[in-house]
Undergrad: 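Below is one structure. I have some questions about it.
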Amino acid sequence: MTSPDQNPLPPQYEAAPTEASWYPRWTEHGVFTADRDRAADREPFVIVMPPPNVTAVLHVGHGLNNTVQDVLIRWRRMAGDEALWVPGTDHAGIATQNVVEKQLTAAGQTRFDLGREAFVERVAGFVEQTGGEILNQLKAIGCSADWTRTAYTFSPELSVAVREAFVRLHEDGLVYKGHRVIHWCPRCGTSLSDEEAEFTETAGKLYHLRYPLADDPTQSVTVATTRPETMLGDVAVAVHPEDERYAAMVGRELQLPLNGVRIPVVADSYTDPAFGSGAVKITPAHDANDFEVGKRHSLAMPVVIDAEGIVREGDGAAGRVPAELAGLDRFAARKQIVAMLEAAGALVKIDAHPHSVRHCYRCDTVVEPRLSNQWFVRMQPLAEKALTALRSGELRILPDRWEAVYVNWLEGIRDWNISRQIWWGHRVPVWYCDHCHAAPIVSRTDVTACPSCGGTVRQDEDVLDTWFSSWLWPISTLGWPNADAADLAAFYPGDVLVTAPEILFFWVSRMVMSGCWFMGKAPFHTVYLHGTVRDMQHRKMSKSLGNGIDPLDVVRLYGADALRWTMVAGLGLGVDVMLDPTDLDKSFAPGRNFCTKLWNIGRFLLSRVGEEPVQPVSALSADALSAADAWILARLDAAIAECDAALGPARPANGATWTAAERSRGLRLSEYAEAARRFVWNELADWYLESIKPRLAADSGVDREVARAVLAHVFDHALRLLHPIIPFITEALWHHLPQTSADAFLAQAPWPVARAEDTLSASERANAARFDTAQQAVQSIRQVRSEYAVNPGAFVSAVVMPTGGDDAAFAALSGVIGSLARATVTISPDAPAEAAASVVTPLVTVHVPLAGMIDLDKERQRLSGEITQLDTQLTALLGRLGNEKFVAKAPVAVVEAERAKAAEWQGRLDAMRTKLTQLGA
RNA sequence: GGGCGAAUAGCUCAGUUGGUUAGAGCGCCUGUCUUACACACAGGAGGUCGGGGGUUCGAGACCCUCUUCGCCCACCA
């Protein structure tokens, strides 16, 4: 036996050196590298990492997202799948450009000072230098991605995919260029998609303006607007065709205040007669709805606000902007215009008007709707396929309530504005010839001369929305569009996509569309949407609020495993994770405590097991097992089954589509963690280890060898169960087990398989059950000790009566019960005569005679209290059993269970009443 | 304005087709430094499952309604 001083493991778990030594060993041995040849005869299991922005710094949201993926990928790797986790980064067009532009601003420059080419080079250089650091940070939290396949949305390979997608969609008739009112960010100087222009509730104002009739200034129409500055671009006032109030006005002309432009009153059912005055000013160039109205009535579309958000005369707006307003910022102009309108008597009133205003998702600037020429993808045909994938069961979303949201969005899908007026990104692969008027050339390869006239060409200035490369991620990272891409053949379609609900539309739905459109299959069968990390006030953690947690701080303080455990254990399906950024000690206590506990379990257990070889458990005869041995082996089976049930199924059983029964199962990570934790802590440590200490203390003997074998087996399997969540500490401990070979990795060790219930002998099962009885005996004695404040050091004597009579085999447990409960135990079928405290449980009745120590009154009171309680419950139970309808209608199994329960309660009640009599009540 | 979801212990949450005395973690109370672990061990308190109504032999679970939160979508100027 190894004495504690010879223990090879330090008394405190040191995360930092453990993590620093194991991660490189995994990667050096290619543990995370997927092999497409192996994928031929195993199931591949593929996750593509949501690529973080290339300039991003790891925050706790990334930590959560990637920990979840790592848990799944490590689980499947151990379960025998060919696991592939594709990592990478996103070039993040607007976001990255903004970062570099900020640097330029600090140096008093703009991107225009540099020019396009130099600017793009500068951004590329910036990315080269600082980009991708986040991937190294992911290594620090243990992520087992296949770094040999690291991808980047702006790499040459992925650029090929982007062009292919654009050109093919164009060939399919799904890409077009159109003059539309789009969301425009004046700060970023670019258009935005609907999804990129986010609503913020704003306490706005509704300005009511009076527009007089051109030929009769005594009459007027009042219109309401939230953006009075747009009145300079008004081309009409619309009223509802059936609105009698305005019937006489339709067709007449109004004169715009300030610029005197004459505009017609038109009838259009877009107008809601119940809102405001029932008359709407129409500004086609600066409002998407007005644009539609304008088209219907063939109205002009003057642009009065430019790309920087400055009021000035743009296309078709000559004579519309008074000199004193030209050049003003749109918000300054608003103030000025309101003042001028008031002076002119055209301002009727201003109402408070809370409403939603769109903001740029990158810089939060108020979005300006603006007429411009943009590229769009016609989404309806793509959306159809994405809907079919979900409805056919090819795809599922967990939690399933998000499926309705997904369907709702796809059914109401609108065309996707994919062009951006920035410089950092995939340039639109379209060329124009200035010489002849040939149609624009859409090409997979760069075009240098016009194919029609041979003249010079110029490429479209716009770049593509960054999501236009991300939406190809599951196929482009595997080699699409290369026809002979081996990875694509071996690993597509993938399995699970793990992300937050925020980007269900931005990214997830579009990936499904691109996968279905280009590959004919959805890129994954499961979308797992996890919650958001929030602080104690339920606010989302963010840099600007200053309530974030740096995962690397947590790693430094408590280790990556503690971080991972805390997040996973708190991660109910789709539930937000609450952490307190001001108290990391408390927030990460679950992970830190569990890791420490596990370390100590390992330290103790391994020192007792020693380095001598152990027998495999399968070689032990069932007769050699003690009750505790049989029990812990049974508990291990149960724990494995619970972990499997919480995690799985890994894929649809039929390989193609989810059945209704499977559809919402699995990926309950917190349940998995809890099942594993309970086994290790509450069963292995609290009961098994405690109960076999005496056996291990013996110098030799068969019994000690059996205990060593069981210990080594059970701990080995426990570490396997835990490894996906806490990879470092488990790997480190595993290598101290005598049966572990030096060149193996826990990360690649087979996932445990529970023994089938029917392979166990009846005697082994009875043996295991006996330990349950012993546990209840121990707890009962402890309860009495505590109740009567017995001196902690003192031994009490106890008479244990197992339900079901004296069990000769049970007598062997008296020593175990005694040592766990600090008692001298007698196993007897008969109650002792003398007065004693007693506890009656379903499996056992325990009497603890505490001569002179028992407060008889207190014990009588306690017993009669328990009797009253149980009697009430028994009465209710008997009432139910006496109910004819219950007996007739309830399932037989339920009725029988209730009868058995009633009998048991009756027995316990009798025992307690006998006891009470003995106490002289 | 539509749609969806939630309300269970002080806090964060489980509770799988209705069926034992509703659970876990953290927190709280009482003991204990019992040589693996005080980041621990042992014992304990705490819930009429948001209110009301209904279906059922039986409801935390199903239906209706009210209240309070949260999320998503939307062209109310």
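Worth saying up front: this structure is predicted, and the values here are computed from it rather than measured. Below, chains carry the letters A, B, ... as their sequence lines are ordered, and counting in each starts from 1.
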Undergrad: What nucleic acid atoms does Val280(A) come within less than 4.0 Å of, heavy atoms only: base, sugar-phosphate, or nothing?
TA: base
Undergrad: Quickly work out the Arg401(A) CZ to A7(B) P distance and round it to whole Å.
TA: 10 Å
Undergrad: For A45(B) versus G3(B), give the span between their P atoms, rounded off to a whole number of Å.
TA: 47 Å
Undergrad: Does G5(B) have a Watson-Crick or wobble mate here (both distances under 3.5 Å), and if so which one?
TA: C69(B)
Undergrad: Decide whether Asn791(A) and Arg785(A) meet the rule of one side-chain donor and one side-chain acceptor closer than 3.5 Å.
TA: no
Undergrad: Taking atom types as modelled, is there a side-chain donor on Asp644(A) or Tyr672(A) under 3.5 Å from an acceptor on the other?
TA: no
Undergrad: Just the rounded figure in Å: distance from C1' of A77(B) to CD1 of Ile263(A).
TA: 14 Å
Undergrad: Given A77(B), is OP1 or OP2 found less than 4.0 Å from the side-chain N or O atoms of His355(A)?
TA: yes
Undergrad: May I ask you to say what Trp681(A) touches in the nucleic acid, namely base, sugar-phosphate or nothing, with a heavy-atom cut-off under 4.0 Å?
TA: sugar-phosphate
Undergrad: Base, sugar-phosphate alone, or nothing: which one does Pro891(A) contact when heavy atoms must sit under 4.0 Å apart?
TA: base
Undergrad: Answer yes if the side chains of His359(A) and Thr200(A) hold a donor-acceptor pair under 3.5 Å, and no otherwise.
TA: yes
Undergrad: G3(B) C1' sits how many Å from Asn408(A) CG, rounded?
TA: 6 Å
Undergrad: Within this structure, what is the CD1-CG distance for the pair Ile282(A) and Asn289(A), rounded to the nearest 0.5 Å?
TA: 8.5 Å
Undergrad: Would you classify Arg677(A) as touching base, sugar-phosphate or nothing, given that sugar-phosphate means primed atoms plus P, OP1 and OP2, and contacts are heavy atoms under 4.0 Å?
TA: sugar-phosphate
Undergrad: Using the P atom on both, measure C4(B) against U16(B) and round to a whole Å.
TA: 22 Å
Undergrad: When you compare G18(B) with G60(B), how far apart are their P atoms, in angstrom units rounded to a whole number?
TA: 13 Å
Undergrad: Once you apply a heavy-atom cut-off of 4.0 Å, does Gly591(A) come out as touching a base, just sugar-phosphate, or nothing?
TA: nothing
Undergrad: Between C72(B) and G25(B), how far is it from one C1' atom to the other, in whole Å?
TA: 31 Å
Undergrad: Look only at the side chain of Arg592(A) and the backbone of Tyr558(A), and say whether a donor-acceptor pair between them is shorter than 3.5 Å.
TA: no
Undergrad: Would you say Lys586(A) places a side-chain N or O within less than 4.0 Å of OP1 or OP2 belonging to C39(B)?
TA: no
Undergrad: Please give the distance between the C1' atoms of U17(B) and C13(B) as a whole number of Å.
TA: 23 Å
Undergrad: So, is Arg608(A) near the phosphate of A36(B), with a side-chain N or O under 4.0 Å from OP1 or OP2?
TA: yes
Undergrad: Are side-chain N/O atoms of His208(A) and Asp351(A) paired as donor and acceptor at under 3.5 Å?
TA: yes
Undergrad: Find the distance Leu689(A):CG to C41(B):C1' and express it as a whole number of Å.
TA: 14 Å
Undergrad: Provide the distance between the two C1' atoms, one in G15(B) and one in A22(B), to the nearest whole Å.
TA: 8 Å
Undergrad: Grab the OH-P distance between Tyr13(A) and A40(B) for me, whole Å please.
TA: 17 Å
Undergrad: When the C1' atoms of A74(B) and G1(B) are compared, how many Å lie between them, rounded to an integer?
TA: 8 Å
Undergrad: Does the side chain of Ser587(A) come under 3.5 Å of the side chain of Asp580(A) through a donor N or O and an acceptor N or O?
TA: no
Undergrad: Can you spot which of Glu198(A), Glu195(A), Glu196(A) makes a side-chain hydrogen bond (donor to acceptor under 3.5 Å, both in side chains) with Tyr361(A)?
TA: Glu196(A)
Undergrad: Looking only at atom C1', what distance separates C33(B) and G46(B), rounded to whole Å?
TA: 29 Å
Undergrad: Of the listed nucleotides (C39(B), U32(B), A77(B)), which one gets closest to any side-chain atom of Tyr270(A)?
TA: A77(B)
Undergrad: What's Arg414(A) touching, base or sugar-phosphate or nothing? Going by heavy atoms closer than 4.0 Å.
TA: sugar-phosphate
Undergrad: Just checking Ala404(A): base, sugar-phosphate only, or nothing, at a heavy-atom cut-off of under 4.0 Å?
TA: nothing
Undergrad: Assert yes or no for the condition that the ring centre distance of Phe594(A) to Phe588(A) is strictly below 6.0 Å.
TA: no
Undergrad: Can you work out whether Asp272(A) or Arg908(A) has the more 5'-proximal nearest nucleotide on RNA chain B?
TA: Arg908(A)
Undergrad: What is the nucleic acid contact for Glu884(A), judged by heavy atoms within less than 4.0 Å: base, sugar-phosphate only, or nothing?
TA: nothing
Undergrad: Closer than 4.0 Å, any side-chain N/O of Asn600(A) to the OP1 or OP2 of C39(B)?
TA: no
Undergrad: Base, sugar-phosphate alone, or nothing: which one does Ala288(A) contact when heavy atoms must sit under 4.0 Å apart?
TA: nothing
Undergrad: Does Trp905(A) reach a base, just sugar-phosphate, or nothing at all? Heavy atoms under 4.0 Å.
TA: base
Undergrad: For Arg358(A), which contact category applies under a 4.0 Å heavy-atom criterion: base, sugar-phosphate, or nothing?
TA: sugar-phosphate
Undergrad: Using a 4.0 Å heavy-atom cut-off, does His353(A) contact any base of the nucleic acid, only the sugar-phosphate backbone, or nothing at all?
TA: sugar-phosphate
Undergrad: Taking CG from Asp583(A) and C1' from G27(B), how many angstroms apart are they, rounded to a whole number?
TA: 12 Å
Undergrad: Could you tell me whether the phosphate oxygens of C57(B), OP1 or OP2, come under 4.0 Å of any side-chain nitrogen or oxygen in Lys889(A)?
TA: yes
Undergrad: Asp290(A) or Glu674(A): which one's nearest nucleotide on RNA chain B is closer to the 5' end?
TA: Glu674(A)
Undergrad: Check the interface with nucleotides 42-47 of chain B: list each N/O to N/O pair with the protein under 3.5 Å, or write none.
TA:
residue	atom	partner	partner atom	Å
G43(B)	O2'	Ser786(A)	OG	2.9

Undergrad: Quick one: does any side-chain atom of Thr225(A) pair with a main-chain N or O of Arg227(A) as donor and acceptor, under 3.5 Å?
TA: yes
Undergrad: Using atom CZ of Phe588(A) as one end and atom C1' of U12(B) as the other, report the distance to the nearest whole Å.
TA: 14 Å
